[in-house]
Amino acid sequence: MFFANKIINLFFSKEKVQEVEQMLSKNKSKFWIFLIFLVPGSPKDILTYVASLGNINLVRWLIMTTLGRIPSILTSTYLSASLKEGDIISALIVLLLTIAMVILGGIYYRYSVKKSNA
């Protein structure tokens, strides 16, 4: 941790780092981190770097990321295997279900932001 802040401050302003730290300190942030890990193709590596700015317990972080990555890995693997086998219907079903999850997550996010701002 000694070098972490010095390295981060090379790339980001102190204000931006404080903003991210404040955002990550909220309880809902852990839920959103978990949700992002569920979505196939989401930028998980970048999220991992950003989340390191927060004060998330290592065991909790490992559980969140492991459980969050399993569905993403399964859907990505199933989708690509279906396409390789020529099973377009199964691939489309998995793709549509994934898109529906992303859309529903976005709707829920907007709803929860409006609710918290009210």
Would you be so kind as to tabulate the donor-acceptor pairs closer than 3.5 Å made by side chains of residues 79-89, with sequence neighbours excluded?
from: Ser80; atom 1: OG; to: Ser76; atom 2: O; distance (Å): 3.1
from: Ser80; atom 1: OG; to: Thr77; atom 2: O; distance (Å): 3.1
from: Ser82; atom 1: OG; to: Tyr78; atom 2: O; distance (Å): 2.9
from: Asp87; atom 1: OD1; to: Ser90; atom 2: N; distance (Å): 3.4
from: Asp87; atom 1: OD1; to: Ser90; atom 2: OG; distance (Å): 3.4
from: Asp87; atom 1: OD2; to: Ser90; atom 2: OG; distance (Å): 2.7

In the hydrophobic clustering that connects Ile, Leu, Val, Met, Phe, Trp and Tyr at side-chain heavy-atom distances below 4.5 Å, which members other than Ile73 occupy its cluster, ordered by chain and number?
-> none
Who pairs with Leu74 by side chain to side chain contact (heavy atoms under 4.5 Å, CB included), at least two apart in sequence or on another chain?
-> Ile70
Which other residues belong to the hydrophobic cluster containing Leu96, where Ile, Leu, Val, Met, Phe, Trp and Tyr are joined when side-chain heavy atoms lie under 4.5 Å apart, directly or via other members?
-> none
Listed once per pair and sorted, the ring-ring contact (aromatic ring centres under 6.0 Å, His included) pairs that draw on residues 80-105, sequence neighbours left out = none
Name all residues meeting the side chain to side chain contact (heavy atoms under 4.5 Å, CB included) criterion together with Ile99; count only those two or more places apart in sequence or in a different chain, and write none if there are none.
-> Leu95, Ile103
